[in-house]
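Below: one structure, written as structure tokens.
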Amino acid sequence: MPYECFYTGRRTRIGRQCTYRGKAKYLGGVGIKITGRSARKFKPNLQKVRVLIDGKPQRILVSAKAIRSGLVTKRLKRSQTYKHTQAETA
């Protein structure tokens, strides 16, 4: 399973991290300079969620933004689907 959101397609992005030295001009220095750039990864906030896909519960990776925005329809808990009534037990 790739590290990618099932609904929004968010995945790991590659970027750079800059290292600086010096003092900012507005603080009285001569300005800051970049002394190095190293590679880094920006990972999305992915959660493992059990959802219904084609009527079957599956565990997939979903971004937190997709969960908050309501794109995800979580499956019902087992206790909510198999409730026994008084008539069945008697």
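Note that the coordinates shown come from a computational prediction; the quantities given were computed from them, not determined experimentally. Values below: every heavy atom of this structure, side chains too, minus hydrogens, waters and symmetry copies.
Applying the salt bridge (charged side-chain N to carboxylate O under 4.0 Å, His left out) test to Arg11 and every residue at least two apart in sequence or in another chain returns Glu4.
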Can Phe6 and Ile53 be said to form a side chain to side chain contact (heavy atoms under 4.5 Å, CB included), step by step? CA-CA 11 Å; Phe6 185 81; Ile53 298 175; 3.9 Å; yes
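Note that SG of Cys18 is 9.5 Å distant from CD1 of Ile32, once rounded to the nearest 0.5 Å.
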Distance-only donor-acceptor hits, side chain of residues 33-45, under 3.5 Å, sequence neighbours excluded:
from: Thr35; atom 1: OG1; to: Thr19; atom 2: O; distance (Å): 3.2
from: Asn45; atom 1: OD1; to: Gln47; atom 2: NE2; distance (Å): 2.6

Without placing hydrogens or testing angles, list every side-chain donor-acceptor pair under 3.5 Å for residues 60-68, not counting sequence neighbours.
from: Ser63; atom 1: OG; to: Thr8; atom 2: OG1; distance (Å): 3.4
from: Ser63; atom 1: OG; to: Ala66; atom 2: N; distance (Å): 3.3

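Within 6.0 Å of the CG atom in Leu27, the count of heavy atoms belonging to other residues, nucleotides or ligands exceeds 12.
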